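Structure record follows, encoded as C-alpha cells.
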Amino acid sequence: MTWLLPRLVAVLIATVLGGVAGLMIPGHSVPLFGALLGFAFALGVIGVRDTLNGYRLITWLRGSQETQAPRDAGLWGELGYRIERSIRQREQSAVAERVRLTQFLSAIEASPNGVMLLDAGDQIDWCNSLAADHFGLDPQRDRRQRVTNLVRAPAFVAYLQGGRFDEPIRMPDPRGRRTLSVLVRGYGEGLRIVLSQDITERENSDAMRRDFVANVSHEIRTPLTVLAGFIETMTNLPLTEVERKRVLVLMTQQADRMGTLVSDLLTLAQLEGSPRPHADRWVALGPLLAQVAADAAVLSAGRHTLKFPTPPVEAQIAGAQTELLSAITNLVNNAVRYTPEGGRVELSWRVLADGSGEIAVIDTGLGIAREHIPRLTERFYRVDGSRSRDTGGTGLGLSIVKHVAQRHGGELHIQSEVGQGSTFRLVFPAARVRAAVAPVAALTMAAN
Ligand code: ADP
C-alpha cells in the first residue's frame, strides 16, 4: 500500500496550495474558501487520474487478459496487479484441473474394463475405447446420444430401465461374437456408470471344464458299469472254472482301462500345472528311443514291421525325460494300434537346416480323414471311438503329445490320408537340440 501515503500527502499539499491560492484571490480573503477550493481542485485532479487509470484497467479486463495488466505505482496499479494475479492463479489451477482430468480419463482408458458414463437422461457423456468396442459405439460421434437407441440388446435395455443393479448381466456383443458381463452403478444425481467386461474366454473355459468333467465321468462310468455287471454275474450265477477265468480276464481289462485313463489324466494335470522343463537339462535320445522301441515291440507282438534308427541316435534334447518319453511313446503306440497286422511303423530322427530337431513317426495304417486332423489334439477326441477303446485308447494321447511339444517350445505336425497311413512329426527348436553328444574326455576338459 505504498500508494496510500503519497495520495494523502498529495491531497494535503493540494489543499494547502488551494488555501494559499484562495488567500491571494482578490475579494476572498477567507482562507477556508481557498482551502475548500484547493481541496476540490485536488479531488478533481485525483478523480480525473483515477478515471483514466480505471478506464485502462477495465479495457484490459474486457480484453483477453493475455498481456500484463496496466501497471502504475498507485491504487489502480495495485488493483490491476491483484486482479491479474488472481486471474493467473485461476488459470493455473484450471490447467492443473485439466491435466488431472486428462490423467484420470487416461487411467480409465487404460482400464481392462469398458467404462461408459451416462447422464440423468441415459445419454452417453463419455466412454473409453474398450466400452466403445464392446457396445459397437463411436466415442466421439455417439456422445450425447441416448444409449438405449444405440445398444438395443433387450437384456441391456431391460437391465438399465429396471433400475436393479445388484448383479451384473451377461449379454452378447452387437456383433454376436463375444459374451459381455455388464454392471451398472449409480452415482451423483441420477448419473450412471456402465462397466463392461469381455468374458468370452472365461465362458469358453467354463464350458470346456464342464465338458471335460462330463467326458471324464462318462469314460470312468463305462468300465465301472461293465465291472459291476461282471461282479453281479459272479455273485448270482454258478460259473464253471473256464467261465470264471474268462470273466476275470474281462474284468482285468476294464480295470486296466480305468488305470490307463487315470494315469493319462494325471499326466495331463501335471503338464498343465508344472513349470516349463529346464532348457539346460539334456536328455539323451538314444536310450529313450530304445525304451520306446521295446514298448512298441511288446504292443505289436510281432504283428508289424518296426523300424527304429540304427545306429542309436546320439543327439540330446533339453527338457524333461518323462515328458519326452511319454510323448514319443504315445505317437509310436498310436502308430502300432492304428496300423493293421502286416503294416509298418517307422521312427526317424533328423536335424533340420535351421538346427531344429525332428522326430517323425510314420505308419502305413488306417490314416485319418482331413476334417478330423485339426481336432485330434483335443481331449477325448477320437475318430473312431470303438476302435480307440478296443485298443486301450483314452482319447488323451495326442493332447498329451501336443502339451509336451509346446512346453519344450516345439510343435506337433500331422499329415495323414485315409488308407495311406500317417506321419506325426515332433519338431523341437534348435536351442533345445544338441545334435551329437560331446565326447566324455572333452566334457571333462571343459569342466577343468
Ligand atoms: P486314443 O487314445 O483314442 O488313441 P489319441 O489322442 O492318441 O487318443 O488319438 C486321437 C485319435 O486320433 C484316435 O482316436 C485315432 O482315431 C486318431 N489317431 C491317432 N494316431 C493315429 C494313427 N497313427 N493312425 C490313425 N489314427 C490315429
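Ligands are counted one by one from 1 in listed order, and the atoms in each one are counted from 1 as well. Since the structure is predicted, the reported quantities are computational estimates derived from the model, not experimental observations.
- Taken to the nearest 0.5 Å, the CZ atom of Arg192 stands 13.0 Å off from the CG atom of Asp125.
- Near Arg337, with a cut-off below 4.0 Å to any heavy atom, the atoms of ligand 1 are 1 (P), 2 (O), 4 (O).
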Report task. List the steps, then state whether side-chain hydrogen bond (donor to acceptor under 3.5 Å, both in side chains) holds for Thr305 with Arg344. Result -> CA-CA 5 Å; Thr305 308; Arg344 177 185 160 90; 5.9 Å; no
**Report entry** Stepwise side-chain hydrogen bond (donor to acceptor under 3.5 Å, both in side chains) check, Ser386 with Asp384
**Finding:** CA-CA 6 Å; Ser386 62; Asp384 177 348; 3.1 Å; yes
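- Atoms of ligand 1 lying under 4.0 Å from any heavy atom of Ala335, numbered from 1 in the order shown and given with element: 23 (N).
- Not close to ligand 1: Gly365, with no non-hydrogen atom less than 4.0 angstrom away.
- In terms of protein heavy atoms, atom 12 (O) of ligand 1 is closest to Leu376 CD2, 3.3 Å.
- Summarising the geometry, atom CZ belonging to Phe230 is positioned 4.0 Å from atom CG belonging to Leu250; distances are rounded to the nearest 0.5 Å.
- Close to ligand 1: Ile368, with a non-hydrogen atom less than 4.0 angstrom away.
- When non-hydrogen atoms are compared, ligand 1 lies under 4.0 Å from the backbone of Val383 as well as from its side chain.
- The residue among Tyr381, Tyr338, Phe380 with a heavy atom at the shortest distance from atom 25 (C) of ligand 1 is Tyr338.
- Comparing heavy-atom distances from atom 3 (O) of ligand 1 across Gly367, Gly393, Ser399, Ser388 singles out Ser388 as nearest.
- What sits closest to atom 6 (O) of ligand 1 on the protein, heavy atoms only, is Leu398 N, 2.8 Å.
- Within ligand 1, the atoms closer than 4.0 Å to a non-hydrogen atom of Arg382 are 3 (O), 14 (O), numbered from 1 in the order shown.
- With a 6.0 Å cutoff to the six-membered ring centre and a 45° limit on the axis angle, Arg434 counts as a cation-pi contact of Trp282.
- Nearest residue to atom 2 (O) of ligand 1 from Gly395, Gly397, Gly421, Ser416 is Gly395 (criterion: closest heavy atom).
- Every atom of ligand 1 is numbered from 1 in the order shown, and the set under 4.0 Å from a heavy atom of Thr394 is 2 (O).
- Between the side chain of Glu78 and the main chain of Leu75, no donor-acceptor pair closer than 3.5 Å is present.
- The proximity of Phe424 to ligand 1, defined as any non-hydrogen pair under 4.0 Å, is limited to the side chain.
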Requested in this report: Please report the C-alpha distance between Asn113 and Ser111 in whole Å, then the side-chain angles of each, then the deciding distance to 0.1 Å, and finally whether the side-chain hydrogen bond (donor to acceptor under 3.5 Å, both in side chains) criterion is met.
Outcome: CA-CA 5 Å; Asn113 292 333; Ser111 153; 4.6 Å; no
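- Rounded to the nearest 0.5 angstrom, Ile124 CD1 and Gln145 CD are separated by 7.5 Å.
- Judged by the 6.0 Å distance and 45° axis criteria, Arg379 is positioned over the aromatic ring of Phe212.
- In Asp363, the part holding a heavy atom less than 4.0 Å from any atom of ligand 1 is the side chain.
- Remark: side-chain polar atoms of His403 are paired, donor with acceptor, to backbone N or O of Ser399 under 3.5 angstrom.
- Given atom 19 (C) of ligand 1, the protein heavy atom at minimum distance is Asn334 ND2, 3.5 Å.
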